[in-house]
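Just so we're on the same page: letters track the sequence lines, and every chain starts at 1. All heavy atoms count here, side chains included; hydrogens, waters and symmetry mates do not. Note that the coordinates shown come from a computational prediction; the quantities given were computed from them, not determined experimentally.
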Amino acid sequence: MQGLQMVAVVLVLCASLKLLHLLGLIQFTEDSIDDEQEQYTIRHRPEALEQLEAQTRFTKKELQTLYRGFKNECPSGVVNEETFKGIYSQFFPQGDASRYAHFLFNAFDTDHNGSVNFEDFALGLSILLRGSVQEKLNWAFNLYDINKDGYITKDEMLDIMRAIYSMMGRCTYPVLKDDTPRQHVEIFFQKMDKNKDGVVTIDEFIDCCQKDENIMRSMQLFENVI
Amino acid sequence: MAAGVAAWLPFARAAAIGWMPVASAPMPTPPRDKRRTQDGLIILNVSGTKFQTWRNTLERYPDTLLGSTERDFFFHEESNEYFFDRDPDIFRHILNFYRTGKLHYPRHECISAYDEELAFFGIIPEIIGDCCYEEYKDRRRENAERIQDDEDNENNNDLVSPDMTLRQSMWRAFENPHTSTMALVFYYVTGFFIAVSVMANVVETVPCGSSPNRVKDISCGERYALAFFCLDTACVMIFTVEYLLRLLAAPSRYKFVKSVMSIIDVVAIMPYYIGLVMTDNEDVSGAFVTLRVFRVFRIFKFSRHSAGLRILGYTLKSCASELGFLLFSLTMAIIIFATVMFYAEKGSTASKFTSIPAAFWYTIVTMTTLGYGDMVPKTIVGKIFGSICSLSGVLVIALPVPVIVSNFSRIYHQSQRAEKRRAQKASKEAGQALVTKNSATFENQHHHLLHCLEKTTNHEFVDEQTYESSCMEVSLTNQARSRSSSVSSSQHGLSSCCSRRNKRKSFHVPNSTTGAERHGSIQELSTIQIQERPLSNSRASLNAKLDELNCEQPFITAAIISMPTPPVTTPEGDESSSSADYLQSNIVRVSAL
């Protein structure tokens with residue numbers, strides 16, 4: 001009977017404590033009541049149309065069309081990485097485009113503040129669509145050079161290659177092997193790395209690309225996209 | 001894919017420049033843009049209210065009236081605008097659908113008017129956004145029910161045709177008493193007799209004064225036994241006649257016999273007949289008495305006369321699972337407390353808590369705050385737990401009964417809504433698949449983009465089945481280790497599988513082995529290959545616009561016709577050596593897998 005009495009007393013004690021805790025009169029830990037998370041939305045208004053027209057190689061009408069599409073998807077005026085990944089992934093339904101979208105985002109986000117506003121967007125597109133071959137190759141080099149130190153190492157290239165291959169997804173013909181990206185990187189380095197020092201500099205890169213007819217031709221491919 | 005994302009396709013294509021330096025094969029040529037029309041404003045005049053929007057906005061959905069050439073029928077030359085003689089308030093929502101990609105349903109609008117507008121503009125309702133879809137479906141269902149009710153009433157009134165058989169008219173009389181005077185009379189007579197029968201059952205048991213040679217009072221039933229017997233007989237006669245008539249008139253006798261009301265009828269009259277059949281035997285008189293209890297079921301016959309009772313029964317039936325859960329949780333609490341009380345009171349002398357089932361009674365009485373007082377705990381511990389039991393009983397039963405009722409109603413509706421949503425989801429997705437088609441230009445450019453990716457990585461997109469079969473083939477060739485067997489199996493792979501594979505492999509020949517002099521033809525061949533590829537469903541999930549691809553590029557038909565020959569002639573005729581090399585390389589490649 002003693003034991004049961006003890007149990008009864010302990011039970012009553014616990015129940016009352018729990019009741020008081022429920023009523024908010026006492027608190028055990030520092031977990032405070034959840035207050036409303038203030039949503040801090042960044043809003044961004046782009047520069048004037050004339051300024052953008054001067055900075056980029058687009059006409060006013062082209063900039064207007066671009067901005068309308070941009071603003072439709074991102075009403076706040078900036079794209080953060082998640083939205084960017086989401087948009088880009090919709091074009092590659094079979095694979096996982098998030099890795100490549102991450103690198104692409106970093107290439108567009110020139111000031112590295114974590115968001116791409118319309119100026120970055122328009123400047124990037126201006127280089128890609130209306131820039132000279134040199135500028136385009138520069139942009140591509142910038143994309144591959146993940147840490148922006150001026151050299152493309154094999155690891156960086158492997159990352160990029162894996163990201164590109166992951167966009168293909170699983171169902172490919174021929175079947176994707178695990179070291180296909182690595183083999184591709186080897187081929188790439190064999191072609192690009194002239195002095196065989198294990199890294200590709202910007203000069204080697206541009207030099208080698210300008211000698212390759214296929215690459216030169218494919219650079220002109222998307223001239224009339226807008 | 002959302003139509004809004006189509007605006008980002010130029011960006012995705014521009015970003016494809018990032019793949020160019022690493023590509024191992026030349027890129028396919030981009031599709032020609034057929035209509036490079038300048039994007040202009042379109043004026044839509046809807047009954048005087050002018051709406052303006054970009055032409056591209058409307059053409060996002062080429063399957064609707066506004067997005068296709070059908071709108072040209074409404075073009076008004078004099079004012080250079082499109083005039084529609086429709087409701088401008090509802091048109092606002094339809095135009096917003098083009099702008100935002102989401103169709104909303106305004107709650108204040110009439111559902112039929114809204115449906116008509118949607119049908120006129122060629123928009124299917126399944127694409128209504130999630131925020132408004134439930135409301136829309138509910139309103140639509142209500143409307144449909146209202147129409148159905150109206151039709152039923154009309155049908156009932158109309159069915160006074162003389163060519164109705166006696167049986168049908170009888171059934172109608174039974175189901176709808178207000179249709180004819182005879183039916184009404186019958187209705188009231190049966191109701192009266194049900195009431196009389198129930199009253200007689202009740203009064204039978206009242207003590208009616210004592211007779212001198214008995215110790216206790218006798219009931220009225222025993223005193224006026226004959227009178228009650230006659231009354232009972234009369235009622236049962238009426239009920240039997242009614243049951244037989246209903247059985248006769250029912251359109252589906254089997255269904256009628258299975259229905260709840262007929263079972264109640266049978267149960268109501270059975271005891272009388274069983275009583276008639278059975279003699280005044282001592283053994284079965286106990287059972288006979290039990291059977292008389294069933295006579296009380298006659299009161300349920302009233303449910304034919306009262307709609308409220310029917311609704312109550314229906315509600316109970318539909319809430320059965322929630323009530324069951326409530327009962328289950330109560331049972332758990334009862335068992336817990338009964339066990340505790342039994343062990344607490346075990347020590348005390350002359351305790352009424354002789355067993356746990358005996359303690360159940362105490363727990364139930366305490367928890368429902370009845371407190372008869374026939375069983376009380378005597379020990380201190382027992383009293384503590386007893387008080388906890390009664391407090392929890394108050395909390396568990398008395399206080400939240402209204403909350404539970406509303407909770408159950410809310411949960412019930414929620415589960416209904418989830419069921420509805422699940423059922424609606426399938427039709428919604430089917431509808432959305434129809435509507436979210438993108439324009440042909442978009443599909444072309446998207447296909448080209450994916451082509452570039454394929455060229456970059458030197459792999460191709462295939463669908464699930466081909467992937468599975470290619471995996472199986474790989475494993476097959478892996479099993480055959482010797483060169484000859486691998487040759488045979490690879491040849492088997494080349495010849496027996498679909499011709500698409502053949503064509504693809506044969507086109508690798510010019511790219512890999514020949515040099516610059518065959519440049520032009522390579523380009524040509526690869527162009528033809530690309531244009532022709534979508535026909536063979538190499539990317540199964542993205543082949544929506546293949547038909548349009550066919551129509552827009554007429555030269556493709558020539559390519560199709562000539563297609564069967566190149567795979568056969570080119571490797572064998574012109575480049576026999578290279579084909580041998582190719583086959584060699586192919587063999588090597590296959591066995592390397």
Side-chain angles (χ1 to χ4, degrees), chain A residues 1 4-5 8-9 11-12 15 61 65-66 68-70 72-73 87-88 90-94 100 103-104 107 121 124-125 128-129 136-137 139-140 143-144 157 160-161 164-165 167-176 180 184 187-188 192 205 209 214-215 217-219 221-222 224-226, chain B residues 1-2 4-5 7-27 29-30 33 36 38-39 54 343-344 347 379-381 384-385 388 445-446 449-450 452-454 456-464 466-467 470-471 474 501 504 538-539 541-542 589 593:
Chain A
M1 267 325 102
L4 212 52
Q5 254 167 341
V9 168
L11 206 67
V12 170
K61 274 211 176 292
T65 321
L66 265 180
R68 284 208 300 270
F70 185 83
N72 230 356
E73 274 302 299
I87 294 172
Y88 200 70
Q90 298 209 25
F91 294 107
F92 302 97
Q94 279 199 324
Y100 188 72
F103 295 126
L104 212 54
F121 184 70
L125 276 186
L128 285 174
L129 298 174
K136 287 181 191 172
L137 289 172
W139 187 89
L143 173 70
Y144 300 147
M157 205 57 223
I160 299 271
M161 204 59 76
I164 293 179
Y165 272 90
M167 282 199 285
M168 293 291 297
R170 196 177 56 100
C171 300
T172 58
Y173 180 82
V175 179
L176 265 180
T180 315
H184 206 147
I187 299 172
F188 178 77
M192 298 278 168
F205 181 73
C209 286
N214 278 339
I215 297 181
R217 202 170 345 109
S218 51
M219 284 283 163
L221 213 55
F222 295 107
N224 54 352
V225 159
I226 300 275
Chain B
M1 204 177 305
V5 184
W8 284 67
L9 185 63
F11 155 72
R13 299 182 70 209
I17 287 185
W19 308 332
M20 302 298 146
V22 296
S24 36
M27 292 292 139
T29 52
D33 251 340
R36 304 272 16 242
Q38 279 290 347
D39 195 10
W54 296 107
Y343 282 112
T379 60
I380 294 180
V381 179
I384 290 176
F385 280 114
I388 296 175
Q445 292 176 349
H446 189 211
L449 181 66
L450 291 164
C452 289
L453 184 59
E454 285 182 346
T456 310
T457 56
N458 235 347
H459 289 72
E460 286 164 6
F461 291 110
V462 296
D463 53 358
E464 279 281 344
T466 339
Y467 176 66
S470 70
C471 283
V474 165
R501 295 256 217 96
R504 189 185 310 121
S538 63
R539 255 176 274 111
S541 57
L542 303 160
R589 201 192 302 168
L593 289 173

Would you check, one step at a time, whether the test ring pair (Phe, Tyr, Trp, His ring centres under 6.0 Å) holds for B:Phe11 with A:Phe70?
CA-CA 10 Å; B:Phe11 155 72; A:Phe70 185 83; 9.4 Å; no
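- Between B:Trp8 and A:Gly69, the closest heavy-atom pair is NE1-O, 3.5 Å.
- For A:Leu11, the part lying under 4.5 angstrom from a heavy atom of chain B is the side chain only.
- With a threshold of 4.5 angstrom between heavy atoms, B:Ile388 approaches chain A through side-chain atoms but not through N, CA, C or O.
- Contacts with chain B were tallied for A:Tyr144, A:Trp139, A:Phe92; A:Tyr144 has the most, counting heavy-atom pairs under 4.5 Å.
- To the nearest 0.5 Å, atoms CD1 (A:Ile215) and CD1 (B:Ile17) are separated by 12.5 Å.
- Annotation: maximal heavy-atom pairing with chain B below 4.5 Å, among A:Met161, A:Met168, A:His184, A:Met157, occurs at A:Met168.
- Proximity to chain A (any heavy atom under 4.5 Å) is restricted, for B:Ile384, to the side chain, taken from C-beta onward.
- Ring geometry, A:Tyr100 versus B:Trp19: the interplanar angle falls from 30° to 60°, so the pair is classed tilted.
- When all heavy atoms of B:Ala14 and A:Leu129 are compared, the pair lying nearest together is CB-CD2, 3.6 Å.
- Taken from CG in B:Asn458 to OG1 in A:Thr172, the straight-line distance is 11.0 Å, to the nearest 0.5 Å.
- Both the backbone and the side chain of A:Ile87 come within less than 4.5 Å of a heavy atom of chain B.
- For the residue pair B:Ala15 and A:Leu104, the shortest heavy atom distance occurs at CB-CD2, 3.6 Å.
- The side-chain heavy atoms of A:Arg68 and B:Trp54, taken from C-beta on, include a pair separated by under 4.5 Å.
- Of the listed residues (A:Arg170, A:Met192, A:Lys136, A:Met167), the one with the most heavy-atom contacts under 4.5 Å to chain B is A:Arg170.
- Side-chain contact between B:His459 and A:Thr180 is present, with heavy atoms from C-beta onward closer than 4.5 Å.
- Using cut-offs of 30° and 60° on the angle between ring planes, the pair B:His446 and A:Phe91 is perpendicular.
- Between chain B and the residues A:Phe103, A:Tyr165, A:Tyr88, A:Phe188, the largest count of heavy-atom pairs under 4.5 Å involves A:Tyr165.
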